[in-house]
Amino acid sequence: MAHVVQPLDQPSNYKDSQTRIDRKRQNEMLANSTTLYIGNLSFFTTEEQIYELFSKCANAADGGGIKRIIMGLDRNTRTPCGFCFVEYYTHAEALASMRYVSGTKLDERIIRCDLDLGYREGRQFGRGKSGGQVRDEHRQDYDPGRGGWGAQAQRLEVERRRAVEERYADAQDGPGAVASGGEDWKEIETTQGRLKRGRSPEDEGDSDRMGRRTKIEEVEIDRM
């Protein structure tokens, strides 16, 4: 029965691809780690919110507390991209956060905590091709808390719109394009400041014919 429920303070099997240590050495380092990786954050979650939440597991009376928080940033825009590192002073505080904070909601998102080997300069930046996290690179769903559509889907949409605009421009300039106007159309400014169509010789002929037709119709009415 002791192994039916997995302890909440156990680290995951994740192994950083950029570290050059074996699994055994990694487990030894995690057994004393005071650093947490926090994932699935909203892009709009602030450092102050994270501090307020994770300080609930700090134990300042025993010399503990939060040492620092490192926000994860988009490599290109230097804006938050959905993760961070929280460093405590003691290992016990990090384990307490895994027990009591991991799986709870922050900004309406279920966040996850995992023991980390320790922050190094450069790890605060996303590793995706677009600058953010890899998980947001190929995401196909719309997530308003993490920038909307995934980066790849956004690139495809931009390319599609560009292709449509190019086809529209070709249709306007290519053979068979509809002319915007002719010589018989003139713009004449009236006293009211509005524009109207200028009369052409053909219009004058049509007007004379209409006048004659009206007179004939009046004669026929008189006859009746």
Side-chain angles (χ1 to χ4, degrees), residues 14 16-18 37-50 69-85 105-112 114 120-214 217:
Y14 172 79
D16 191 342
S17 60
Q18 296 187 0
Y37 170 88
I38 315 301
N40 200 39
L41 293 173
S42 166
F43 288 3
F44 305 101
T45 298
T46 64
E47 184 175 340
E48 290 76 14
Q49 290 175 279
I50 296 170
I69 296 174
I70 302 97
M71 298 296 292
L73 302 175
D74 185 291
R75 189 174 63 254
N76 299 324
T77 63
R78 297 299 195 267
T79 55
C81 65
F83 72 98
C84 74
F85 297 94
K105 279 189 174 183
L106 178 60
D107 272 345
E108 298 303 318
R109 302 183 66 86
I110 298 177
I111 62 175
R112 63 179 187 277
D114 197 10
R120 299 188 311 276
E121 185 61 32
R123 290 191 66 197
Q124 74 269 37
F125 300 121
R127 298 176 180 176
K129 292 182 179 180
S130 300
Q133 286 193 280
V134 176
R135 59 167 289 192
D136 292 314
E137 193 71 28
H138 306 286
R139 180 168 49 77
Q140 297 298 318
D141 62 320
Y142 184 84
D143 190 339
R146 295 183 69 90
W149 298 105
Q152 188 176 23
Q154 291 185 27
R155 286 197 300 269
L156 292 175
E157 178 62 17
V158 170
E159 293 174 0
R160 185 191 68 81
R161 291 186 179 182
R162 185 182 297 116
V164 171
E165 291 174 356
E166 290 175 354
R167 288 198 299 270
Y168 180 78
D170 292 341
Q172 292 294 315
D173 301 332
V178 179
S180 58
E183 295 181 355
D184 293 340
W185 290 85
K186 300 177 182 179
E187 291 184 348
I188 302 176
E189 187 171 358
T190 65
T191 56
Q192 288 80 15
R194 292 181 296 180
L195 298 178
K196 69 177 183 178
R197 177 191 172 193
R199 299 180 65 82
S200 66
E202 289 78 1
D203 292 335
E204 296 293 340
D206 292 341
S207 178
D208 293 340
R209 288 193 293 272
M210 288 295 295
R212 289 195 297 270
R213 186 179 304 148
T214 302
E217 291 174 352

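Side-chain contact between R123 and I70 is absent, with no heavy-atom pair separated by less than 4.5 Å. The shortest distance between side-chain heavy atoms of L106 and I38 does not fall below 4.5 Å. Contact check for Q124 versus F83: no side-chain heavy atoms found under the 4.5 Å cut-off. Taking 4.5 Å as the limit, some side-chain heavy atom of C84 sits within range of a side-chain heavy atom of L41. Side-chain contact check for C81 versus D136: every heavy-atom pair is 4.5 Å or farther apart.
Residues N76 and D74 share a closest heavy-atom pair of N-OD1, 2.7 Å. Among all heavy-atom pairs drawn from I69 and I50, the shortest one is CD1-CG2, 3.9 Å. T45 and M71 get closest at one heavy-atom pair: O-CE, 3.7 Å.
Atoms CZ and CD, on R167 and E165 in that order, are 10.5 Å from each other to the nearest 0.5 Å. If you take CD on E137 and CZ on R135, they are separated by 13.0 Å, rounding to the nearest 0.5 Å.
The side-chain tip of R112 does not point at the ring of Y37 from less than 6.0 angstrom away and within 45° of straight on.
With sequence neighbours excluded, no residue forms a ring pair (Phe, Tyr, Trp, His ring centres under 6.0 Å) with Y14.
In summary, of the residues considered (R146, R139, R127), a side-chain contact (heavy atoms from CB on, under 4.5 Å) with Q133 occurs for R146 alone.
At least one donor-acceptor pair under 3.5 Å links the side chain of S42 to the backbone N or O of F44.
A salt bridge is defined here as a Lys NZ or Arg NE, NH1 or NH2 lying under 4.0 Å from an Asp or Glu carboxylate O, and D143 with R109 meets this definition.
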